[in-house]
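First up is the structure itself, then whatever we jot down about it.
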Amino acid sequence: MKPTIVILDERISASMVGVTGKADCEAQVCPATDPKFGDYQANGVMPLAKQLKTDPRKLAEKVVEGLDVSDICELPEIAGPGFINLRLKPDFVADRLLKINADPQNRLDIAKAEKPETIVVDFSGPNIAKQMHVGHLRSTIIGDCICRFLEFLGHNVIRQNHIGDWGLQMGMVVYALEDVYWEQDEPKLNLEILEQEYKRIVELEKEDPEIADKVRKRTAELQAKEPLAMRYWREACGITMSECYRLYVMMGVNLSTIHTVGESFYKDMLTDVVEELKKKSLAVESDGAICVFPVDSTGSPQAGFKNKEGEPLPLIIQKSDGAYLYATTDLAAIRYRINELKADRIIYVTDARQKLHFEMLFAVARMAKWVSDDIELSHVMFGSVLGEDGAPLKTRSGENVKLKELLDEAVKQARKVVDEKNADLPDDEKDRIAKAVGIGAVKYADFSNNRTSDYVFSFDRMLAMDGNTAPYMQYAYARIKSIGRKAVDRDIKAEKELKGITNLNITEPSELDLAKHLVRYGEAIEAAINDYRPNYLTSYLYELAQKFSVFYTNCPVLDAGAEKRPTRLLLCDLTAKTIEHGLKELLGIEVVDQM
RNA sequence: GCGCCCGUAGCUCAGUAGGAUAGAGCAUCGGUUUCCUAAACCGAAGGUCGCAGGUUCGAAUCCUGCCGGGCGUACCA
């Protein structure tokens with residue numbers, strides 16, 4: 001079913017049109033800023049009154065007169081300069097809860113998108129011969145999260161892991177691997193050794209021209225697809241990616257070989273990209289490089305694309321030495337995704353520093369008419385992960401923090417807490433909980449921050465049981481599950497009571513408060529996905545858990561009388577289902593039955 | 001220099017087209033446990049929303065200037 005807020009917005013907007021005769025009125029319904037104003041408020045009358053130069057309160061009165069929301073709300077009230085305040089009827093809330101409970105599709109009565117799109121989401125993007133580090137965390141989990149949202153809404157989502165497996169450094173990787181194979185009789189290669197060797201070659205190459213020559217040779221061999229070079233390259237890719245896949249599994253991120261379509265995939269399309277842009281007279285030579293200068297429809301340089309000297313800034317697609325760059329690959333990828341994958345929308349999840357690159361990239365792709373106007377290109381950017389000192393998170397020696405080490409540490413610290421709080425549980429159970437809590441804490445902390453800003457990474461804060469954290473959410477869930485176990489002990493048939501339930505008995509304020517919030521899950525999902533901002537969902541879930549806690553302290557469930565118990569069992573069950581759905585399905589965070 | 005992002009409680013952060021008295025959590029102080037997990041709940045205190053103007057019924061939010069921080073700015077990704 002449609003979110004209530006949408007229904008109200010449509011009806012009030014329609015009434016505004018009816019009253020004023022003006023098309024496209026916007027009711028601007030949003031959640032009430034204060035509970036004393038009700039549940040929702042419409043702000044749209046005031047700007048409209050200004051436009052029509054009329055008294056906003058009088059206009060609001062007319063809008064309310066022409067409005068029928070009696071099936072949903074109490075009589076709308078006009079307040080202040082022209083707000084319309086709306087308060088849900090308890091019967092309406094109860095009815096929605098029953099619908100959610102009875103949803104045959106098991107999706108908490110949340111409607112799918114009206115028109116499903118094919119959406120390509122480009123995220124994670126690790127590099128060959130390097131371990132994933134903290135810099136890959138956000139792209140990987142935010143990208144996965146966005147995919148989960150879109151999939152739940154019924155879109156055809158195509159995950160693309162645009163790995164760095166081609167280009168300049170690959171010659172070094174091949175040489176490094178070759179070197180190791182030569183030196184060792186029985187090479188026991190793993191990613192750590194490969195990374196070390198790769199770094200060693202990078203250093204050597206700087207000083208030793210002989211090495212540099214060899215690396216150049218290997219690069220050329222690889223470009224020419226010589227079997228041995230290709231074999232080493234494939235070896236490096238295999239070693240790197242199998243470790244990445246392990247980490248994805250550990251993080252609950254759905255990325256596997258079928259999603260891995262990296263730079264090398266586009267290597268044979270690059271010449272064509274450059275040729276076509278030349279043919280369209282968009283690509284020109286400048287300082288020896290082949291460039292495209294983004295211009296607007298009038299032919300003048302687009303604002304913002306300027307260099308230090310104030311001259312137009314080019315998107316370089318071929319270096320003066322003939323080599324291609326990431327802009328070239330990205331352009332080839334756009335064409336492939338639109339022409340072959342039939343994308344209606346392409347989403348790039350990368351850090352904010354690449355903003356300019358994507359702005360220019362999108363501009364050039366549109367200039368070349370490779371992207372029609374109805375196709376949406378989005379750069380979903382995010383800030384950096386900082387250490388406690390406010391600088392980007394690094395180890396003491398100044399290295400990037402390895403993602404695996406960071407996750408292991410989170411699990412270790414979570415395990416310590418589990419040991420303290422729940423010593424009686426069996427070891428394997430403790431391990432499971434520690435993993436869910438530790439990994440969940442890292443992911444939840446990331447999601448709950450505003451995507452676009454930097455945030456300070458702190459194990460202590462993300463593992464805290466108070467506040468907007470994964471453990472708090474998981475704890476709320478575990479408490480509900482505990483009620484279920486207690487019900488079994490007491491021979492209470494909770495499932496049977498829930499199944500036969502036809503009307504609710506909501507009387508306590510904390511019951512109604514919780515019920516109203518449960519009914520708004522769909523709104524939270526919509527708000528979150530519209531702006532690709534998971535923190536709107538975490539805020540919702542946190543409030544849900546808080547409201548449940550209030551209800552839990554005030555309202556006994558199992559000891560409630562026969563006329564109250566089914567209602568309370570339903571509130572518990574739907575809260576658990578909503579938390580589980582939000583955490584597991586949409587955020588990819590595990591829940592546990594006890595902790 | 002130019003462009004983009006940011007500046008909100010002591011700390012870490014929210015604030016969903018410009019809406020009503022700016023919200024959480026941590027830390028601080030005080031209270032709640034014969035009762036379904038106290039890993040919880042309730043309460044108190046804490047603010048010139050960087051500064052100064054402007055736009056209007058209304059500004060943390062939009063505009064201008066300034067101060068402070070981050071990032072980017074032609075052959076890395």
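Nothing here was measured: the structure is a model prediction, and the numbers come from that model.
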Aromatic stack F83(A)/A20(B): centroid gap under 5.5 Å, interplanar angle under 30°: yes
Reckon Y552(A) touches a base, only the sugar-phosphate, or nothing at all at heavy-atom distances under 4.0 Å? base
To the nearest Å, how far apart are R461(A) CZ and G25(B) P? 15 Å
Using atom CZ of F305(A) as one end and atom P of G1(B) as the other, report the distance to the nearest whole Å. 22 Å
Has the side chain of D454(A) got a donor or acceptor atom that lies under 3.5 Å from a matching backbone atom of G383(A)? no
Looking only at atom types and distance, does a side-chain atom of R451(A) sit under 3.5 Å from a main-chain N or O of M381(A), one as donor and one as acceptor? yes
Who are the salt bridge (Lys or Arg N to Asp or Glu O under 4.0 Å) partners of E311(A), not counting sequence neighbours? none
Identify whether any heavy atom of F37(A) sits under 4.0 Å from a base atom; if not, whether one sits that close to sugar-phosphate; answer base, sugar-phosphate or nothing. base
With sequence neighbours left out, what residues match E205(A) under salt bridge (Lys or Arg N to Asp or Glu O under 4.0 Å)? none
Per the side-chain hydrogen bond (donor to acceptor under 3.5 Å, both in side chains) rule, what does the pair list look like for residues 126-135 of chain A, sequence neighbours excluded? Q131(A)-E195(A)
For RNA chain B, the residues among residues 410-426 of chain A that have a non-hydrogen atom under 4.0 Å from it: V417(A), K421(A), N422(A)
Under the rule for ring pair (Phe, Tyr, Trp, His ring centres under 6.0 Å), what residues qualify as partners of F305(A), not counting sequence neighbours? none
With 3.5 Å as the limit, what N/O pairs link the protein to nucleotides 31-34 of chain B?
none

Near-ring test Y266(A)/Y324(A), centroid separation under 6.0 angstrom: no
Taking D165(A) for its side chain and S264(A) for its backbone only, find out whether a donor-acceptor pair lies under 3.5 Å. yes
Distance between the C1' atoms of A9(B) and G46(B), in whole angstroms? 6 Å
Using a cut-off of 4.0 Å on non-hydrogen atoms, how would the nucleic acid contact of A352(A) be classed: base, sugar-phosphate, or nothing? nothing
Ring-plane angle category for Y472(A) and Y542(A), please: parallel below 30°, perpendicular beyond 60°, tilted otherwise. perpendicular
Pick the C1' atom in U8(B) and in A24(B), then give their distance to the nearest Å. 13 Å
Applying side-chain contact (heavy atoms from CB on, under 4.5 Å) to S458(A) and not counting sequence neighbours gives E388(A), D460(A), R461(A)
Other residues, nucleotides, ligands: >12 heavy atoms within 6.0 Å of E429(A) CD: yes
Does anything in residues 433-444 of chain A form a side-chain hydrogen bond (donor to acceptor under 3.5 Å, both in side chains)? List the pairs, not counting sequence neighbours. Y444(A)-N468(A)
Taking for each residue the nucleotide of RNA chain B bearing the nearest heavy atom, is the 5' side occupied by G484(A) or by D287(A)? G484(A)
List for me each residue that meets ring pair (Phe, Tyr, Trp, His ring centres under 6.0 Å) alongside F551(A), sequence neighbours excluded, and say none if there are none. F548(A)
Students often get this wrong, so: under 4.0 angstrom with heavy atoms, is V456(A) touching a base, only sugar-phosphate, or nothing? sugar-phosphate
For nucleotides 3-9 of chain B, print each protein N/O atom paired with a nucleotide N/O atom at under 3.5 Å, atom names and distance only.
unit_1 : atom_1 : unit_2  : atom_2 : d
C4(B)  : O2'    : K355(A) : NZ     : 3.4

State whether S482(A) places a side-chain N or O below 4.0 Å from either non-bridging phosphate oxygen (OP1 or OP2) of U37(B). yes
Output the rounded distance in Å from CE (M46(A)) to P (A59(B)). 13 Å
Would you kindly give the CZ-to-C1' distance between R353(A) and U73(B), to the nearest whole Å? 14 Å
Counting only Watson-Crick and G-U wobble pairs with both atom distances below 3.5 Å, the stems of 3 or more consecutive pairs that include RNA chain B are B:1-5 with B:69-73, B:10-13 with B:23-26, B:28-32 with B:40-44, B:50-54 with B:62-66
Counterpart residues, side-chain contact (heavy atoms from CB on, under 4.5 Å), relative to A236(A) (two or more places apart): I128(A), V173(A), L177(A), L194(A)
Separation of M462(A) atom CE from C13(B) atom P, in whole Å? 11 Å
